[in-house]
Amino acid sequence: MINITFPDGNIRQYESGVTAIDIAKSISEGLARNVLSAEVNGQVWDATRPISTDATVRLFTWNDTAGKATMWHSSAHLMAEAIEQLYPGVKFGIGPDIENGFYYDIDTGERLLTESDLADIEKRMIELAKEKQSYLRVDVSKKEALDHFVQKGDEYKIELINELNDGEITLYKSGTFTDLCRGPHLPDTSFIKAVKLTSLAGAYWRGDEKRKQLTRVYGITFPKAKELEDYLILLEEAKKRDHRKLGKELELFAFSQRVGAGLPLWLPKGAMLRDRLEHFLKKVQKEAGYQPVITPHIGNVNLYKTSGHFDKYGKDSFRPITTPIEGEAFFLKPMNCPHHCEIYNVKPHSYKDLPIRYAEFGTVYRYEQSGELHGLTRVRGFTQDDAHIFCTPDQIKSEFKGVIKIIMRIFKALDFNEFVTQISLRDPANKEKYIGSDENWEKAESAIKEVAQEEGLNAITVVGEAAFYGPKMDFMVKDAIGRKWQLGTIQVDYNLPERFDLTYIGSDNEKHRPVMIHRAPFGSMERFVAVLIEHCAGKFPLWLSPEQAIILPISEKYQAYAEKVLQFLNNSDIRGLIDDRSEKAGKKIRDAELKKIPYMLVVGEREEADGTVSVRKHGHGDLGTFDLNQFALMLHEEETKLQND
RNA sequence: GCCGAUGUAGCUCAGCUGGCCAGAGCAGCUGAUUUGUAAUCAGCUGGUCGGGGGUUCGAAUCCCUCCAUCGGCUCCA
């Protein structure tokens, strides 16, 4: 007999060789029917795999993330089986589960897969799932594994096996398909009831653009057809929040082929929105001791040679701007930091001056690869809410914390609750990708790690994601379709101060090297606005709304009163406008609702007589009649409350 | 940059197995209407069918190429 410990601490005894399904059965038949996999002593196992020692066991169903992962990983195998049967001779790369579903990378050889093939594959998958094929785990030696895939002629699997150690290789067989896989998998395919293959894309083998591009098929499966329907509806809903769609509908920004790809044009309403955000941050930064600076949009190539940007990115940038002078060249600035270093260098500094914080909404230009451009989130010209803090080494942590405070204030004001904090370190195996000494890197990295700990930030750490001059802490937020974007960023940099020979005189009357902190709470105005649009689905908080109140006269007769109301709004710092079209009230209300204007002020005979407005709130309906002053007060309260929350 | 898909009026879309003058709704304009909480009616305007090249008696429709956009990959100072 063995002891099985449950998550609640309960311990029960079972025969050695018991499986997770057996254990589930001992609890309830219903649970047994729903167990997809189980965690056994910290590892996720097949629900059918015998347990022969004392163990802590946790059962996973569709309601658990790990259960879904098992389902989707098994679905990838099922899809591979279907594809192999339909298109014999294809070779397989890797096929993992992902956050929402799974994919499989496939070398389809001569025969190209197209979207029209997906329906056939889905159909075959359902047929195979109904066969209730079990997933059979087989321990094999390295030689056996190699023999199998050599015979099959699958060079991708052979490459993977060659990197594995003998004795820890398993294959999984389901139906006619055998895969190199560490598992775990579903008890059988019958759990998969609904299948949707969502897209088809090219993906480099092992993520290396120098290697062959395979065909990646994305899909998702569910244990019930209804859940697939719900998922598809959810996807449709998410698409409605897409900032590219809303940006067009709400006339916030546009792109023009004539101006150029990735170069956003801010329309009046978008510019107003952005202006409110900038205004807010400027206020916060003033309080935090930042000094505004302004620098030009171009800089001499030598500036970027000094900073190291030229060596690192020169070949991938916009070409330099030449002048009538032979050999003279300028770059559109891709970064503000070199300019700010030169501002620091304008005069000598004492330790008593530090920290110095230079802030600039600086527009930068980067030649992003054409395939990377994406609405406002990835563009070729954008404005960073940039600032550079020059401080002594022992001020790093407090300055870093000050920046975190600003970022948290912004996120809170905009109700961004779901963000991920990421610490990006350099990859010690690829030191040639970075500039600067090991010692400085270690100092900078440990400073960030300590701050994260001391601030109690629940940060994830990713090796190899650092900037080329220093490690960073990024704040990531998801867009409507679940893609993660970096917004705020804080970067510790020991390198630029050296390259620009920045110094300050210490209390010992000796020259010392300051440390630089690069930081941008929004990241870029473009990306931040994009994420903001998706976050609030175009229904901006009042303080950011480009148009706060629209006056809707019932008929032309009340035009004069409408103008009086507008005058009042203007004097009260409320952004208002009048819909003076010869339309019925219903039509004007409908259009204002579609434009997501926060407040609609209906004015007619009664209002004119009493000097009031009938207030209708977007998405809430009629709020009743308000005295003008009363209305202004209500709006100002709402504005301040939201901004300072 | 790579793989795949898409590109028709300001917007959303139909037409696309090659063949009447390329259509609809919304928006816009003109007129009528003077309207009370999510679409008043009528008329009109508007399109190099993404650009260029080719095949054909004939191309929005087929082929090539470039550009842009979309889904991914790679990249992201």
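Convention: sequence-line order gives letters A, B, ...; per-chain numbering from 1. As the structure is a computational prediction, the values presented were derived from the model and not from experiment. Basis for what follows: all heavy atoms, side chains included, without hydrogens, waters or symmetry-related copies.
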Colleague: If C62(B) has a Watson-Crick or G-U wobble mate with both distances under 3.5 Å, name it; if not, just say none.
Modeller: G54(B)
Colleague: Using a cut-off of 4.0 Å on non-hydrogen atoms, how would the nucleic acid contact of Gln486(A) be classed: base, sugar-phosphate, or nothing?
Modeller: nothing
Colleague: Describe the nucleic acid contact of Glu583(A) in one word from base, sugar-phosphate, nothing, applying a heavy-atom distance below 4.0 Å.
Modeller: base
Colleague: Does Arg244(A) have a side-chain nitrogen or oxygen under 4.0 Å from the phosphate oxygens OP1 or OP2 of G71(B)?
Modeller: yes
Colleague: Per the atom types in the model, does the base of C2(B) pair as donor or acceptor with the side chain of Gln213(A) at under 3.5 Å?
Modeller: yes
Colleague: Enter the distance from Thr625(A):OG1 to Phe631(A):CZ here, rounded to the nearest 0.5 Å.
Modeller: 12.5 Å
Colleague: OP1 or OP2 of G1(B) less than 4.0 angstrom from a side-chain nitrogen or oxygen of Ser370(A), does that happen here?
Modeller: yes
Colleague: Taking only side-chain N and O atoms of Arg483(A), does any of them lie within less than 4.0 angstrom of OP1 or OP2 on G72(B)?
Modeller: yes
Colleague: Using a 4.0 Å heavy-atom cut-off across all strands, classify Gly604(A) as base, sugar-phosphate, or nothing.
Modeller: base
Colleague: Within residues 545-555 of chain A, which residues have any heavy atom lying less than 4.0 Å from an atom of RNA chain B?
Modeller: Ile554(A), Ser555(A)
Colleague: Measure from the side chain of Phe468(A), starting at C-beta and using heavy atoms only, and say which of U40(B), A77(B), U37(B) lies closest.
Modeller: A77(B)
Colleague: Look at the side chain of Arg366(A) and the base of C76(B), then say whether one donor and one acceptor between them are separated by less than 3.5 Å.
Modeller: no
Colleague: Would you compute the distance between atom CG of Leu118(A) and atom CE of Met125(A) and round it to the nearest 0.5 angstrom?
Modeller: 10.5 Å
Colleague: If we call it a pair only when both distances are under 3.5 Å in a Watson-Crick or G-U wobble match, what pairs with C75(B)?
Modeller: none
Colleague: Describe, in one word, how the ring planes of Tyr469(A) and His309(A) are oriented to each other, choosing from parallel (under 30°), tilted (30 to 60°) and perpendicular (over 60°).
Modeller: perpendicular
Colleague: Would you say Leu496(A) and Ser307(A) make side-chain contact, with heavy atoms under 4.5 Å?
Modeller: yes
Colleague: Heavy atoms only, 4.0 Å cut-off, all strands: where does Ala203(A) land among base, sugar-phosphate and nothing?
Modeller: sugar-phosphate
Colleague: Can you sort out which residues in residues 615-624 of chain A have a heavy atom within less than 4.0 Å of RNA chain B? Ascending by number, please.
Modeller: Arg616(A), Asp622(A)
Colleague: Is there a side-chain contact between Tyr313(A) and the phosphate of A77(B), meaning an N or O under 4.0 Å from OP1 or OP2?
Modeller: yes
Colleague: Kindly compute the distance separating CZ (Phe500(A)) from NE2 (His340(A)), expressed to the nearest 0.5 Å.
Modeller: 11.5 Å
Colleague: Categorize His518(A) for me: base, sugar-phosphate, or nothing, with a 4.0 angstrom heavy-atom threshold over every strand shown.
Modeller: nothing
Colleague: Indicate, yes or no, whether a donor-acceptor pair under 3.5 Å links the base of G4(B) to the side chain of Thr114(A).
Modeller: no
Colleague: If you look at every strand shown and take non-hydrogen atoms under 4.0 Å, does Lys212(A) touch a base, only sugar-phosphate, or nothing?
Modeller: nothing
Colleague: Look at the side chain of Gln257(A) against the base of G7(B) and say whether a donor-acceptor pair falls under 3.5 Å; ignore hydrogens and angles.
Modeller: no
Colleague: Suppose we call a contact any N or O donor and acceptor under 3.5 Å apart; does that hold for the side chain of Tyr204(A) and the base of G1(B)?
Modeller: yes
Colleague: Does C44(B) have a Watson-Crick or wobble partner in any strand here, with both distances under 3.5 angstrom, and which is it?
Modeller: G28(B)
Colleague: In whole angstroms, how far is the P atom of C70(B) from the CG atom of Leu373(A)?
Modeller: 8 Å
Colleague: Indicate yes or no: does Glu608(A) engage Lys564(A) in a salt bridge with an N to O separation below 4.0 Å.
Modeller: no
Colleague: Scan Phe255(A) against the nucleic acid and name what it touches under 4.0 Å (heavy atoms): base, sugar-phosphate only, or nothing.
Modeller: nothing
Colleague: Pick the C1' atom in G50(B) and in A9(B), then give their distance to the nearest Å.
Modeller: 14 Å
Colleague: What orientation do Tyr304(A) and His339(A) show, parallel under 30°, tilted 30 to 60°, or perpendicular over 60°?
Modeller: tilted
Colleague: Would you tell me if any nitrogen or oxygen in the side chain of Lys588(A) comes within less than 4.0 Å of OP1 or OP2 on A39(B)?
Modeller: no
Colleague: Mind checking Thr198(A) for me? I need base, sugar-phosphate or nothing, with any heavy atom below 4.0 Å counting as a touch.
Modeller: nothing
Colleague: Run the side chain to side chain contact (heavy atoms under 4.5 Å, CB included) check on Val602(A) and Tyr558(A) step by step: do they pass?
Modeller: CA-CA 10 Å; Val602(A) 181; Tyr558(A) 313 107; over 6 Å; no
Colleague: CG of Leu569(A) to CD1 of Ile550(A): how many Å apart, nearest 0.5 Å?
Modeller: 11.5 Å
Colleague: When you measure only distances, ignoring hydrogens and angles, does the side chain of Arg380(A) come within 3.5 Å of the base of C76(B) through a donor and an acceptor?
Modeller: no
Colleague: Lys557(A) side chain N/O closer than 4.0 Å to the phosphate oxygens (OP1, OP2) of U35(B)?
Modeller: yes
Colleague: Once you apply a heavy-atom cut-off of 4.0 Å, does Tyr469(A) come out as touching a base, just sugar-phosphate, or nothing?
Modeller: sugar-phosphate
Colleague: The side chain of Lys587(A) lies closest to which of these nucleotides: A27(B), C73(B), A77(B)?
Modeller: A27(B)
Colleague: For this output row, return yes or no: ring centroids of Tyr344(A) and Tyr358(A) closer than 6.0 angstrom.
Modeller: no
Colleague: Taking any heavy-atom pair under 4.0 Å as a contact, classify Glu251(A): base, sugar-phosphate, or nothing.
Modeller: nothing
Colleague: If you compare every side-chain N and O of His374(A) against the phosphate oxygens of G71(B) (OP1, OP2), does one of them come in below 4.0 Å?
Modeller: yes
Colleague: Would you classify Ser582(A) as touching base, sugar-phosphate or nothing, given that sugar-phosphate means primed atoms plus P, OP1 and OP2, and contacts are heavy atoms under 4.0 Å?
Modeller: base
Colleague: Less than 4.0 angstrom between a side-chain N/O of Lys596(A) and OP1 or OP2 of A38(B), yes or no?
Modeller: no
Colleague: Can you tell me which residue among Tyr103(A), Tyr156(A), Tyr104(A), Trp205(A) is in a ring-ring contact (aromatic ring centres under 6.0 Å, His included) with Phe92(A)?
Modeller: Tyr104(A)
Colleague: Indicate, with yes or no, if the rings of Phe416(A) and Phe475(A) have centres closer together than 6.0 Å.
Modeller: no
